[in-house]
Structure formats: C-alpha cells, structure tokens
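Because the structure is predicted, anything quoted here is derived from the model rather than measured.
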Amino acid sequence: MNATYDAVIVGAGHNGMAAAGYLSRAGKKVAVVERMAKVGGMTSAGYMIPEAPEYLVTPCAVELLFARGSGIIEDLELERHGLRTVDPDPSYAYLHPDGSSIALFRDYRRTADDIARIHPEDGKQYLKFMKVMDAMMDIGFPIMMAEPGRPDLRNLCKMIKGGIRNVRLKDQLLSISKATADQVACEWFEHPATIALLNGIAAGAGPVDDDGNAAAYMIFAVTHRLGTGKPIGSLQAFADAMASSITESGADILLNAPVEEILIDDGKAKGVQLSDGRNLQSKVVIATSDPRTTFAMTTRNAVDRRLMKRIEHVPANRSNAAPFLANVAMNAPLRLKRHQDLRHDDADLNKAVGVMGLADDVRNSFAAARRGDIPKRHAVTLTPLSNTDPSQAPEGCSLAYLYLPAMAVDAREAWSQELKDRTMASIIEQVSDYYDGFHGEVGRFVETPRERETRLNVTNGCVTHVDFGALRAGQHRPATGFGGPKPAVAGLYLGGAGSHPGGGVSGIAGRIAAERVLRHLK
C-alpha cells in the first residue's frame, strides 16, 4: 500500500505530464496521480454524447498555440509518440453581420490587407500594431519561459536583446501591458469589425475591461509566428502522446487515483495519501491542480493560516464570468452561408475559427455575467472541428465547438437543464445566421462553469485556475509569496495554470516546476 518516489505529481493534465517528462528523463523516480480514468485533464476529449457516440467531443481546449514555442513537443519527442497537427490558414475569421469578414492569416501583412478592404486606415494601423505585438512577444515569451525571480541566462539574454531591439516601442508596450483590451482596440482601430475581432479574441483571457487584460493581444503575434496547431484526433491525442513519452522514460501514471491529502509534516511536503488508502511518500510534491484545490488538500492545520487565507482569496472567475462550452454534433456538413461566398480570395473560412459578435456583444456578455443574467446576444467563437480533422465526426457529418468567453458562473435564476436548453437555443439561433448545418443536430455536449468545476475539480470552473492580469503574473501568481523560486511550503511546488506563466496549453508551468525540483533534489 506504500511506495516511495523522488516526486509525486498531482494531476495528469499536460502540465503534470510535462513535469513528469522532464524529471523522469533526468533519471528521477516519478509518479503522476490522476483522479479521472484517463490522462489529459483540461486537454482531454472523448465520445461524450450518448445520442452521437461516433463524435469526438472536446470539452475544453482545442489548440496547441503556445506549446509550439515552449519546446515541449521537441523535448518529449511527441511526434515520435504519435502527435500530428494541422494548421488552417486563415486560423481565425471575424464574421460581421453584413456578410463581410476579416481573416487572420499566418502572414500578418495579408491580414492587414484584408482589414484594409473594410477600412484602409485600420489596415495601416494593423501593421503598426503588429510591430508592437512582435516586440511584446520578443520580450514576453522569454519572460513566460523563464522562472520568475530566477531567469536563466538563455532567456535573460533573449529578454535583454528584445528590450534593446524594441527600445523605441517602450512607452507603447508599457501602455498596452497595463491597459484594458477594449481600450487598446478602440485606441488603435476605428471600424466596428476590427474592434470586434480584437475584443472577441482577447475575451478568451477574461473580461475585456480589466486592467492588464490587453497583454492578451500577444496572442496575435504568437498566432502569426507559430500557427494554432490543432492536433489530429483532438487534444486527447496530444495528451496520449505525452503519456506514451513519459511512460517510456520511466514515469508511473496512476489513474482513478484521487488525492485525499497532500501530506505536510514539520512544515515540509512528504507525499500524498490517495482516497483508496495508498500512501505515496516522496521528497517533493508538484501540484498541477488549481491553487485553492491544492491547498485545501494539504494536511489540516499544517500550513500557516495566513498563507491558507491568501490562497482562499485568489481570484478565480471573480467577476462571475466564465467560459460556457458546447460541442454540437450534426448529420450534415457545417458551412458558412454568406461570408465564404462574399470573399474576394481563395481563403477557406469554413476551416477557420469563426468569431461572432459585435464589440458591444462582448462588453454586454461580461456585464450580464456579472449580474448573473444570460445575455440576449452572445459573443461566441465556433471551431469547425470536423472541417479541419474529419476523423472527429462520421463521414458527411460535422462537429462544432462553441466557446462563449463570458457566461454567469452562478446565474440569477440558477442553472438548470431548462435554463441550459434555453441558453443553447438562443446560441444556436444566433450562429445559424452564419452557418448551415445546425438543422441536422443529433446531439450535444454542454457544460456550464459549475459543471466544469465538478468534472475537473477546478474552482468556479476557471480554466486558467487564476484570473489573468498584470497583478497576477510572475512572482505574484497565484498570490504574493507563492510565485518565486522558493515554494511557500517546503517541498510543495505549484506546476499548473495557477503558477507562472498562467493559462494556455504550453507545458511551461510543468517544465519550470520540474527545473525547480531538480535543483531541490540536488
């Protein structure tokens, strides 16, 4: 019933397996414990619609955007373990109600030209905007990759070189990094379609009127440079490739193994006790669960009360706004009605992520969520999963992934099946103005934030574990005193989205946790 390891990792999501991969390749004895029946966590997928058992549902993340630049794919040899990806170009497309569109191509100059068709001045501004976003990536990506408070020489040099190279943009970078996303969109651009494109994408990082949220616009530079990287076979294929890699390098993966307690003795982490009574002793514990969940599992009264209270107050969907996700299975092809026909070029928008909703729809969605209301019109993106990867649906059929960045965690009238159905009816009605195919619906998977909380054991259904923002970055993430090289509790390391650098599928948090642990174990 007992076993001893160098490190026990709580959670077999992509960060947990990244940490296990780097540690096991360094010769350490590692166990990854996972409460669910399969690996993946928020990157898992499955056949989850009873009425449509042949449709591969992706209930959370769908892209490998940041993983493309983190090194994890190469370091863990994920392609050798079966990972295959596809990159639609354009990757995103804003769909205006009048049938016009803006396509986000890999080539940002082509994107600027596309914007210029609608508004010439906005097209010129996009070129200038991308110079600033490229500078933000030059500086920001090394910051993301480096351990906060202890940057390694390689990333430190990249930061310094990026700063020197872009010194003339210093004031603009500082302004954008502290501003709201909505403010930046309105400052830089004039046409409603351009502003809606920016707000619609930035909304994925949280309320567009939060200070510091505009830093999310670095995603434009990342998308242009790296592509989105949609795995063939959904992100479950990515998770399975990671599991294959770390198992090959010697890590143990224990499924259906929920943690009852993270054992803290004499101020130090000593391992975990599982719900079935097994005791896994270890020199360190890496927790990739969200910070509130992590510290709630620690030995009672073993962690300083003030630290516990600090973690309890970490913001997770504090504004009551959270993503609302749905997969809709259809027995008909999913195709745009007007927007594709009105294109002037050969861009296939049917494979792009469709961004729908005016800027006011984005703003009103967050405002309604704060009140606990359901908006009349939605800010929504649609990822045509089966159009880019036909294996995810039967031949001739289609699967759409609907992502609404702002829905009430706790609705005023309380979430019920009737409210879910009514909300979905309004969403389907809206997206059906843009796409054909929903008349052939055969089933759906819908998840409210509270249902996500139950399924994934994540506070308030917060996909980033901790709210995004400048005050919750680096050494201040998830809370002051927790993000530096020295853990708040000896031997207990945070290695999930709640730690630096934050949300997004990258594996960086797990990699940094592994580097910290390797130093500790020396």
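Within 6.0 Å of the NE2 atom in His313, the count of heavy atoms belonging to other residues, nucleotides or ligands does not exceed 12. The neighbour count for Lys486 NZ, taken as heavy atoms of other residues, nucleotides or ligands under 6.0 Å away, does not exceed 12. Other residues, nucleotides and ligands contribute over 12 non-hydrogen atoms within 6.0 Å of the CZ atom of Arg335. Applying the 6.0 Å contact sphere to CZ of Arg370 captures more than 12 heavy atoms from other residues, nucleotides or ligands. Shown here is Glu429, whose CD atom has no more than 12 heavy atoms of other residues, nucleotides or ligands within 6.0 Å. Around the NZ atom of Lys131, the shell of radius 6.0 Å holds no more than 12 heavy atoms that belong to other residues, nucleotides or ligands.
Relative orientation of the Tyr401 and Tyr403 rings is parallel, given thresholds of 30° and 60° on the angle between their planes.
Side chains of Pro323 and Arg452 form a contact here, defined as non-hydrogen atoms less than 4.5 Å apart. Between Met407 and Pro375 there is a side-chain heavy-atom pair separated by less than 4.5 Å. Looking at heavy atoms from C-beta onward, His465 lies in side-chain contact with Pro291 at the 4.5 angstrom threshold. Looking only at side-chain heavy atoms (C-beta outward), Leu494 and Pro478 come within less than 4.5 Å of each other. Counting heavy atoms from C-beta on, the side chains of His378 and Val431 never come closer than 4.5 Å. For the pair Glu451/Lys420, a side-chain contact is recorded, criterion being any heavy-atom separation below 4.5 Å from C-beta on. No side-chain heavy atom of Asn364 sits less than 4.5 Å from a side-chain heavy atom of Arg377. Residues Pro485 and Gln475 have side chains in contact (heavy-atom distance under 4.5 Å, counting atoms from C-beta outward).
Annotation: cation-pi geometry satisfied between Arg110 and Phe105 (NZ/CZ under 6.0 angstrom from ring centroid, within 45° of ring axis).
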_Checking Met136 against Phe220 for the side chain to side chain contact (heavy atoms under 4.5 Å, CB included) test, could you report, in this order, the C-alpha distance in whole Å, the side-chain angles of both residues, the deciding distance, and whether it holds?_
CA-CA 10 Å; Met136 184 174 283; Phe220 281 84; over 6 Å; no
*Apply side chain to side chain contact (heavy atoms under 4.5 Å, CB included) to the pair Phe141 and Arg225, showing each step before the final yes or no.*
CA-CA 12 Å; Phe141 217 93; Arg225 287 197 201 179; over 6 Å; no
*How far apart are the C-alpha atoms of Ile374 and Arg422, what are their side-chain angles, what is the distance that settles it, and do they pass the side chain to side chain contact (heavy atoms under 4.5 Å, CB included) test?*
CA-CA 10 Å; Ile374 309 302; Arg422 188 168 9 117; over 6 Å; no
*Could you go through the salt bridge (Lys or Arg N to Asp or Glu O under 4.0 Å) check for Asp341 and Arg338 one step at a time?*
CA-CA 5 Å; Asp341 293 339; Arg338 296 172 295 145; over 6 Å; no
*Quick one: do Thr228 and Thr223 satisfy side chain to side chain contact (heavy atoms under 4.5 Å, CB included)? Show the steps, please.*
CA-CA 6 Å; Thr228 53; Thr223 300; 4.2 Å; yes
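Not counting sequence neighbours, Glu187 has no partner by the salt bridge (charged side-chain N to carboxylate O under 4.0 Å, His left out) test. In this structure, Phe238 has no ring pair (Phe, Tyr, Trp, His ring centres under 6.0 Å) partners at least two apart in sequence or on a different chain.
A donor and an acceptor atom, one from each side chain of Asp98 and Ser100, are located under 3.5 Å apart. Between the side chains of Arg511 and Asn15, not a single donor N or O lies within less than 3.5 Å of an accepting N or O. Counted by atom type alone, Arg343 and Ser101 present one or more donor-acceptor pairs between their side chains at under 3.5 Å. No hydrogens or angles considered: a donor-acceptor pair under 3.5 Å links the side chains of Thr194 and Asp122. At a cut-off of 3.5 Å, with distance as the only test, a side-chain donor of Ser289 or Thr294 sits close to an acceptor on the other residue.
Annotation: Phe189 is not in aromatic contact with His191 [ring centroid separation under 6.0 Å not met]. Taking the six-membered ring where the residue is Trp, the centroids of Tyr217 and Trp188 are separated by 6.0 Å or more.
Considering Thr383, Val328, Leu325, Thr381 as possible partners of Leu402, the one that fulfils the side chain to side chain contact (heavy atoms under 4.5 Å, CB included) test is Val328. Put simply, the residue from Leu336, Leu334, Val353 that forms a side chain to side chain contact (heavy atoms under 4.5 Å, CB included) with Leu382 is Leu334.
Of the possible donor and acceptor atoms, one in the side chain of Asp114 sits under 3.5 Å from a partner among the backbone N and O of Ala103. At least one donor-acceptor pair closer than 3.5 Å links the side chain of Thr388 to the backbone N or O of Leu385.
Here the closest non-hydrogen pair linking Ser70 and Ile508 is CB-CG1, 3.6 Å. Looking at every heavy atom in both residues, Val505 comes nearest to Ala61 through CG2-CB, 3.8 Å.
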